[in-house]
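Contents: one structure, followed by commentary.
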Amino acid sequence: MSITSPLYPPNINNATAHSHPGLYEYLAELVSKRVATIKYIRKAHEGNTHWFNTILLTRESLAEMYPNSKMVKRTYNFYALGLSLGAILDITNPVDYIKALSQIMSEFERHTNDDSKQKMKNIFRKAKSKDDHNYLDNTGDYGYLILPHIPFEMDYFETFFTLIDIMAEAYYKLLVGTEGPICTQAYFELVLKCDGKFKKIVTMVTKELDLLARHAIKEELKLIDPMCQFNAKVSSPIEFDPASTDV
């Protein structure tokens, strides 16, 4: 990543947007908040952060939560999304960029929904798919979403970290060249549309980390209060199946 990467802006809150202060200020605030959130989630996945100042989420507990063997589909989808987002970061025209970003997020949502529907169909099928890692069925249906063939198992955490970094780049790029008349109501509505789809990913992961934190707190309470150990057994271990998620 280059030193001039938008991941490291001098201060996005002090962007020179005075020529169009209304929508651009809202845009800058949205980018600042969303990037702060996804960077916090990235830090939490590194295994050395107390989740919202409550309990430490260790790398060991995270690895148990997200084993590579059960995260194959999500890892692939995250890789495809990151690859697709990276491919449009070189677009210089802000309007063309937001249209491409909106198209990618819509196609990604359709792809993951199609995966979910296909899984439901497979429940009623006796024959198993010839290749569990084949995700190329819908490649021809998309204009911007890239679905490469990956013949090996990828690491979930490395893929997730890369996606988070590219997501931050994608958000920062929304501020490049839009401080003038380009930041119209139509442009801002497309930004909100894309942001809503990104938020689905952020919300899903946040809920999972909340679940992991609650389980860790119960484990701590079992060490403090023996009576709590009996009650905690009802909801332990975590009832979470990564393979059942839509993303």
Side-chain angles (χ1 to χ4, degrees), residues 1-2 5-7 23 27 30-31 34-35 38 71-122 129-152 154 156 158-178 180-205 245-247:
M1 188 176 296
S2 64
S5 167
L7 264 177
L23 289 177
L27 177 62
L30 171 66
V31 170
R34 195 67 69 233
V35 171
I38 62 179
M71 302 302 295
V72 173
K73 186 178 76 171
R74 186 190 291 188
T75 302
Y76 177 85
N77 287 339
F78 279 0
Y79 176 80
L81 179 58
L83 187 66
S84 303
L85 292 175
I88 67 169
L89 291 178
D90 290 334
I91 297 178
T92 57
N93 185 290
V95 176
D96 291 341
Y97 171 71
I98 190 59
K99 288 181 178 179
L101 182 62
S102 177
Q103 187 69 20
I104 285 177
M105 296 311 297
S106 295
E107 291 176 356
F108 179 75
E109 186 173 65
R110 179 156 62 93
H111 170 67
T112 53
N113 286 340
D114 288 346
D115 274 355
S116 179
K117 292 177 182 178
Q118 187 64 36
K119 180 180 178 181
M120 292 302 297
K121 290 180 181 179
N122 288 341
S129 175
K130 293 184 294 182
D131 185 1
D132 291 335
H133 299 279
N134 183 11
Y135 296 91
L136 298 174
D137 294 344
N138 299 321
T139 305
D141 297 337
Y142 305 124
Y144 285 92
L145 185 64
I146 303 172
L147 300 176
H149 175 66
I150 306 296
F152 53 86
M154 294 180 289
Y156 173 74
E158 292 302 320
T159 304
F160 180 76
F161 291 151
T162 302
L163 174 62
I164 288 295
D165 291 342
I166 295 177
M167 282 175 59
E169 290 266 14
Y171 269 101
Y172 279 131
K173 190 171 177 63
L174 295 173
L175 300 177
V176 178
T178 57
I182 290 179
C183 192
T184 62
Q185 185 67 35
Y187 177 87
F188 193 70
E189 287 177 358
L190 275 178
V191 170
L192 293 179
K193 180 181 177 182
C194 295
D195 179 62
K197 297 183 187 304
F198 277 122
K199 280 177 63 178
K200 291 181 180 180
I201 299 175
V202 173
T203 300
M204 175 189 67
V205 176
T245 58
D246 291 340
V247 179

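No hydrogens, no waters, no symmetry mates; every other heavy atom, side chains included, goes into these values.
In this structure, F108 and N77 approach most closely via the heavy-atom pair CE1-O, 3.3 Å. Smallest separation of non-hydrogen atoms from L23 and C183: CD1-O, 3.4 Å. The shortest heavy-atom contact between Y76 and L147 is OH-C, 3.0 Å. Shown here for T75 and M154, the closest heavy-atom pair between the two residues is CG2-CB, 3.7 Å. Heavy-atom minimum distance, I98 versus C194: CD1-SG, 4.0 Å. Pairing each heavy atom of I182 with each of Y187, the nearest pair is O-CB, 3.6 Å.
Put simply, CG on L190 and CD on Q103 are 11.0 Å apart, with the number rounded to the nearest 0.5 Å. Interatomic distance, CZ of F198 versus CE of M167, reported as 5.5 Å (0.5 Å rounding). Rounding to the nearest 0.5 angstrom, the gap separating the CG atom in L145 from the CG atom in L85 is 9.0 Å. Here CG of D96 is found 10.5 Å from CD1 of I88. Values are rounded to the nearest 0.5 Å. Here the straight-line distance linking atom OG of S84 with atom CE of M105 works out to 10.0 Å at 0.5 Å rounding.
Looking only at side-chain heavy atoms (C-beta outward), L30 and L192 come within less than 4.5 Å of each other. For the pair K197 and K193, the minimum side-chain heavy-atom distance is below 4.5 Å. Looking only at side-chain heavy atoms (C-beta outward), R110 and D141 come within less than 4.5 Å of each other. For the pair I201 and L81, the minimum side-chain heavy-atom distance is below 4.5 Å. Contact check for Y144 versus L101: no side-chain heavy atoms found under the 4.5 Å cut-off.
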> Should T162 and F78 be marked as a side chain to side chain contact (heavy atoms under 4.5 Å, CB included) after you check the CA-CA gap, both sets of side-chain angles, and the distance that decides it?
Replying inline: CA-CA 9 Å; T162 302; F78 279 0; over 6 Å; no
>> Using side chain to side chain contact (heavy atoms under 4.5 Å, CB included), reason through V176 and Y97 one step at a time and then give a plain yes or no.
In response: CA-CA 10 Å; V176 178; Y97 171 71; over 6 Å; no
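In this pair, H111 and Y142 present their aromatic rings perpendicular. The plane angle is above 60°, beyond the 30 to 60° band.
Within a 6.0 Å radius of NZ in K99, other residues, nucleotides and ligands contribute 12 heavy atoms or fewer.
Panel note: side chain K173, backbone I91; a donor-acceptor pair is recorded below 3.5 Å.
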